[in-house]
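Report on the structure given below.
In what follows, every chain begins at residue 1, and chains take the letters A, B, ... in the order their sequences are listed.
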Amino acid sequence: MQLEYFLLLAAALFCIGIYGLVTSRNAIRVLMSIELLLNAVNLNLLAFSNYLDPAGIKGQVFGVFVITIAAAESAVGLAIVLSIYRNRNTVDMEQFNLLKW
Amino acid sequence: MNGLEVQLPGLDFGAMSLAEGVQFISFVLLGLMMVGAALGVVLLANIVYSAFLLGVVFVSLSGLFILLTAGFVAAAQILIYVGAVNVLILFGIMLVNKREGFSELGNAWLGRVVTGSVCTGLFALLGTMILSTPWSLSDEVAAGEEATIMIGKHLFSDFLLPFEVASVLLLIALLGAIVIARRELVPDEDVAIAPPLTLPERPRSLAQSSPQDS
């Protein structure tokens, strides 16, 4: 078991999340991709915490904070998606041009 | 004795080859499960399947956290992600339950190909960086089962201010989510006479004035 395996796994998860974030048409799937990105970062933090700083585990504290922020982000993001759906009657990302010129 | 030790890799790993083998096998299984489920989240057409596969991703990540001797974070991952975020996403899917076929874009395949190649390139870049960096691995004894106590000590000593700020942020996010996602009034109700301590709402007739004008 080495640090590099976990880092490679987190990098793969991050790249999958970016692919979903860019190519998804459904707004809820975009939110799921953001969760994948946050989880990849969390895996990185915990891997570094375990292998580079195993005695004073500050990385795990950061992981707890990331989980907290992710929960808040998910709630607000879904509220925004519901609000946009109520106003525009669609969840297609290609039609969300409210802020575009 | 070995059977007990290999079940808890956070206590004493590195000493036995059997423990390392079990850890490696479980790492490979959890990693394959996580990557496959994440690909399913991104690629499947039905979004309900994506939401359930997201739960699989979270559970396998929790297993990986246990492999990294982070038991408390693994429990928090199960509780918050699988218990709260995934359920929230499922409720969002049910509230936005509209089976619409998205209008076809002309060059959608081009975007997918370009994004896939960019992501593959990013993964190659990150992989070479990870494999070529000389990590300064520590030789200290892992905290192991003491991790929960140490996280508590960190949260109430040197991370006290971020802890309190995070609690305020959670409160703000709660209020903001309620305010943003609140149900609108039906238009024939009288909007003018609002009871005190309530926010004035826009009637639905004004809110849905022209959804197709874009």
Side-chain angles (χ1 to χ4, degrees), chain A residues 1 3-9 11-13 15-16 18-20 22-23 25-26 28-29 31-33 35-36 39 43 46-47 49-55 57-58 60-61 63-65 67-68 70-72 74-76 78-83 85-92 94-95 97, chain B residues 20 23-24 27 31 34-35 38-39 41-42 47 50 54 61 64-65 68-70 73 76-77 80 84-85 88-89 92-93 95-96 100 102 111-112 115-116 119 122-123 126-127 130-131 135 137-138 140 142-143 147 150-151 154-155 159 162 166 169-170 173 176-177 180-181 184 207 211 214:
Chain A
M1 292 306 292
L3 174 62
E4 285 86 356
Y5 298 154
F6 284 98
L7 295 186
L8 282 175
L9 198 60
L13 190 61
C15 293
I16 292 171
I18 284 185
Y19 179 79
V22 175
T23 59
R25 298 284 300 274
N26 198 326
I28 296 181
R29 200 189 295 265
L31 284 179
M32 291 195 232
S33 304
E35 299 296 331
L36 289 185
N39 274 296
L43 184 57
L46 289 183
S49 163
N50 190 35
Y51 284 100
L52 305 186
D53 181 24
I57 39 170
K58 291 200 172 61
Q60 296 193 18
V61 183
V64 172
F65 280 125
I67 288 177
T68 311
S74 162
V76 176
L78 272 170
I80 291 174
V81 168
L82 282 184
S83 174
Y85 173 71
R86 200 170 285 140
N87 283 324
R88 306 298 289 261
N89 209 11
T90 182
V91 285
D92 189 0
E94 298 294 330
Q95 298 187 21
N97 50 8
Chain B
E20 286 181 344
Q23 276 184 63
F24 186 73
F27 170 79
M34 191 198 72
V35 171
L39 282 174
V41 167
V42 171
I47 196 165
S50 297
L54 192 68
L61 266 169
L64 287 171
F65 291 169
L68 286 168
T69 73
V73 187
Q77 170 93 6
I80 295 177
V85 172
L88 196 66
I89 284 175
I93 289 171
L95 288 174
V96 194
E100 58 177 339
F102 294 137
R112 274 197 284 273
T115 313
C119 289
L122 180 65
F123 178 69
L126 285 173
I130 287 166
L131 293 179
W135 302 104
L137 294 177
S138 171
E140 294 173 281
M150 292 190 62
I151 287 174
H154 276 304
L155 282 183
F159 286 96
L169 178 95
L170 277 178
I180 291 175
E184 312 234 356
S214 59

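Nearest approach of A:Ser74 to B:Leu88, heavy atoms of both residues: OG-CD2, 3.6 Å. The two residues A:Leu8 and B:Phe123 have their closest heavy-atom pair at O-CE1, 3.6 Å. Nearest heavy atom pair, residue A:Ala72 against residue B:Leu169, reads CB-CD2, 4.3 Å. Closest approach of B:Val85 and A:Ala71 over heavy atoms only: CG2-CA, 4.2 Å. What you find for B:Ser50 and A:Arg29 is that their closest heavy atoms are OG-NH1, 3.0 Å. Summarising the geometry of B:Ala147 relative to A:Gln60, their closest heavy-atom pair is CB-OE1, 3.8 Å, with the distance given to 0.1 Å.
Using a 4.5 Å heavy-atom cutoff, the side chains of B:Leu95 and A:Tyr85 are not in contact. A:Tyr5 is listed as a side-chain neighbour of B:Phe27, based on a closest heavy-atom distance under 4.5 Å.
For A:Tyr19, the parts lying under 4.5 angstrom from a heavy atom of chain B are both the backbone and the side chain. Looking at B:Leu64, both its backbone and its side chain come within 4.5 Å of chain A, counting heavy atoms on both sides. For B:Leu61, the part lying under 4.5 angstrom from a heavy atom of chain A is the side chain only. For B:Ala84, no part lies near chain A; criterion is any non-hydrogen pair under 4.5 Å. Only the side chain of B:Leu126 has a heavy atom closer than 4.5 Å to any heavy atom of chain A. Looking at B:Leu68, both its backbone and its side chain come within 4.5 Å of chain A, counting heavy atoms on both sides.
Remark: B:Met34 CE to A:Asn39 CG distance equals 8.5 Å, nearest 0.5 Å. Note that SG of A:Cys15 is 4.0 Å distant from CG of B:Leu122, once rounded to the nearest 0.5 Å.
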Just do the side-chain contact (heavy atoms from CB on, under 4.5 Å) check on B:Phe65 and A:Asn50 with the steps written out, would you?
CA-CA 10 Å; B:Phe65 291 169; A:Asn50 190 35; over 6 Å; no
Determine whether B:Ile93 and A:Met32 satisfy the following criterion, side-chain contact (heavy atoms from CB on, under 4.5 Å), listing intermediate values before the conclusion.
CA-CA 11 Å; B:Ile93 289 171; A:Met32 291 195 232; 4.2 Å; yes
B:Leu54 and A:Leu36: side-chain contact (heavy atoms from CB on, under 4.5 Å), yes or no, with the steps?
CA-CA 8 Å; B:Leu54 192 68; A:Leu36 289 185; 3.8 Å; yes
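Heavy-atom pairs under 4.5 Å with chain B peak, among A:Ile80, A:Val61, A:Val76, A:Asp53, at A:Val61. Ranked by heavy-atom pairs under 4.5 Å with chain B, the list A:Asn26, A:Val22, A:Leu13 is led by A:Asn26. Listed options A:Gly20, A:Ser33, A:Ala79 were ranked by heavy-atom pairs under 4.5 angstrom with chain B; first place goes to A:Ala79. Most heavy-atom pairs under 4.5 Å with chain B: of the set A:Ile18, A:Leu82, A:Thr23, A:Leu7, this distinction falls to A:Leu7.
Here B:Phe159 pairs with A:Phe62, B:His154 under the ring-ring contact (aromatic ring centres under 6.0 Å, His included) rule; sequence neighbours left out.
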